[in-house]
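As the structure is a computational prediction, the values presented were derived from the model and not from experiment. Residue numbers begin at 1 in each chain, while the letters A, B, ... track the order of the sequences. Note: hydrogens, waters and symmetry copies are ignored here, and every other heavy atom, side chains too, is used.
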2 protein chains.
Amino acid sequence: MIRLSKKVEYSIIALKYFAISKETYLTAKEISNKYKIPHELLAKILQRLSKEKILTSNQGINGGYKLNKQPSDISLEYIIKLFDGEKGIVECINGKSAGECCIFDECTIKDPIIKLQKELEIYFSSKKISDFV
Amino acid sequence: MIRLSKKVEYSIIALKYFAISKETYLTAKEISNKYKIPHELLAKILQRLSKEKILTSNQGINGGYKLNKQPSDISLEYIIKLFDGEKGIVECINGKSAGECCIFDECTIKDPIIKLQKELEIYFSSKKISDFV
DNA sequence: TTAAAATACGACTATATTAGTCCGATTTAG
DNA sequence: CTAAATCGGACTAATATAGTCGTATTTTAA
Ligand code: FES
Ligand code: FES
């Protein structure tokens, strides 16, 4: 089938943990220990989520991250696009210029492929972190 | 987003071409020329489809392939599993032993992830080659 | 004021997956 | 017999993903 990247998987795990945790601030180390996720990797993921204002961060010795959005407002679609980029379901569809492609002079599957992609986007948009809690 | 492999993409293009073509037998060379697909690669794809009885083949100098199934009976799900394997949406779900995983001692997202995978499988099962014609 | 522990950022390396090639064998019509 | 096709597997190349490293900055508390 089709596979989620580790970054997306780790994001879901971490965000769910934020969602169910009572603590205000959690550190990357705490989460990476709990789930055996490589610390440096998770740290960068949380930094990215922080940059996107999905988390807020505190620096310094008692720092950490906490959720800045409702779990029901964070979609899988958003996370996937954030970490895996906007690349389309086939090479020539970059999400942006869906009409203008590209690779094969005579591509006969362009329209149905674009439809497929749109449907998948709608599906992943409908999946929220709250669905994993 | 999520990307189809070239093998799957080429399969769709080729199968659609078989579906709309009047000719009885088409060769790998003919299709690879028409769509600028690497010949050797397409040949192997058609061989595989042939092995799966989706196509039937004739060897020899006037040989080639033709459809052996209705386009409405060939699902995207089947093609994806055929060429990309049965790997699940995350590493530890191998499609088979969906219940028994695995990587994280305390994986908290297993159940919703399995649900996600099942829904995607249903979706891709519902997409047929005839939807691309 | 210094040390420790955290985030922040970017470059780098390693690994895995995918894409594509090559070689030789077999088949079959002409 | 030969040309042109399928068959099959091993091999290489290219790309994408996963993970590491080094260094800077921030903050708290001893
Ligand atoms: S070549 Fe662009 S969709 Fe097929
Ligand atoms: S570790 Fe198996 S589903 Fe999460």
### Query
For B:Ser57 and D:dC7, is the shortest distance between a side-chain N/O and OP1 or OP2 below 4.0 Å?
yes
Winner on side-chain proximity to A:Glu40, out of D:dG22, C:dA19, C:dT21, is D:dG22
In whole angstroms, the gap separating P of D:dT20 from OH of A:Tyr10 amounts to 9 Å
Closest heavy-atom pair, B:Ile79 versus B:Ser11, reported as atoms and distance to 0.1 Å, is CG2-CB, 3.8 Å
Taking C:dA19, D:dA4, D:dG19 as options, the one with an atom nearest any side-chain atom of B:Ile61 is D:dA4
Aromatic centroids of B:Tyr10 and B:Tyr35 separated by under 6.0 Å
no
Atom OH of A:Tyr35 and atom C1' of D:dA18 are separated, to the nearest Å, by 21 Å
To the nearest angstrom, the CZ-P distance between B:Phe83 and C:dG20 comes to 14 Å
With a 4.0 Å cut-off on N to O distance, would you call A:Arg3 and B:Glu91 a salt bridge? no
When you look at NZ of B:Lys127, are more than 12 heavy atoms from neighbouring residues, nucleotides or ligands closer to it than 6.0 Å?
-> yes
**Report entry** B:Phe132 six-ring centre to A:Lys115 NZ/CZ under 6.0 Å and within 45° of normal
**Finding:** no
Residue pair A:Leu4/A:Gln59 against DNA chain D: nearer the 5' end by closest nucleotide is A:Leu4
B:Leu41 atom CG is separated from C:dT18 atom P, nearest whole Å, by 13 Å
Whole-Å distance, B:Asn33 CG to D:dA5 C1', equals 14 Å
Of the candidates C:dA19, C:dG10, D:dT28, the side chain of A:Lys44 sits closest to C:dG10
Here the residues of residues 18-32 of chain B within 4.0 Å heavy-atom distance, strictly under, of DNA chain C are none
Discussion item. Side chain to side chain contact (heavy atoms under 4.5 Å, CB included) for A:Tyr65 and A:Leu26? Distances and angles first, verdict last.
Written reply: CA-CA 5 Å; A:Tyr65 303 89; A:Leu26 301 171; 5.9 Å; no
Rounded to whole Å, CZ of B:Arg48 lies from P of C:dT18 at a distance of 15 Å
request  = Could you tell me whether B:Asn58 contacts a base, only the sugar-phosphate backbone, or nothing, with contacts defined as non-hydrogen atoms closer than 4.0 Å?
outcome  = sugar-phosphate
From CD1 of A:Ile37 across to P of D:dT17 the rounded distance in Å is 18 Å
Exercise. If you measure from the Lys or Arg side-chain nitrogens to the Asp or Glu carboxylate oxygens, is any gap between A:Arg48 and A:Glu52 under 4.0 Å?
Worked result: yes
- Check whether any side-chain nitrogen or oxygen of A:Lys87 sits under 4.0 Å from OP1 or OP2 of D:dT17, and answer yes or no. yes
Query raised in the report: So do A:Lys81 and A:Glu121 actually touch side chain to side chain, heavy atoms under 4.5 Å?
Result: yes
Considering only heavy side-chain atoms of B:Ser50, the closest of D:dC7, D:dA18, D:dA10 is D:dC7
Judged by nearest nucleotide, the residue sitting upstream toward the 5' end of DNA chain D, B:Asn62 or B:Lys51, is B:Asn62
Side-chain atoms of A:Lys6 come closest, of D:dG19, C:dT21, C:dT7, to D:dG19
A:Leu42 CG to D:dT20 P, in whole Å, measures 12 Å
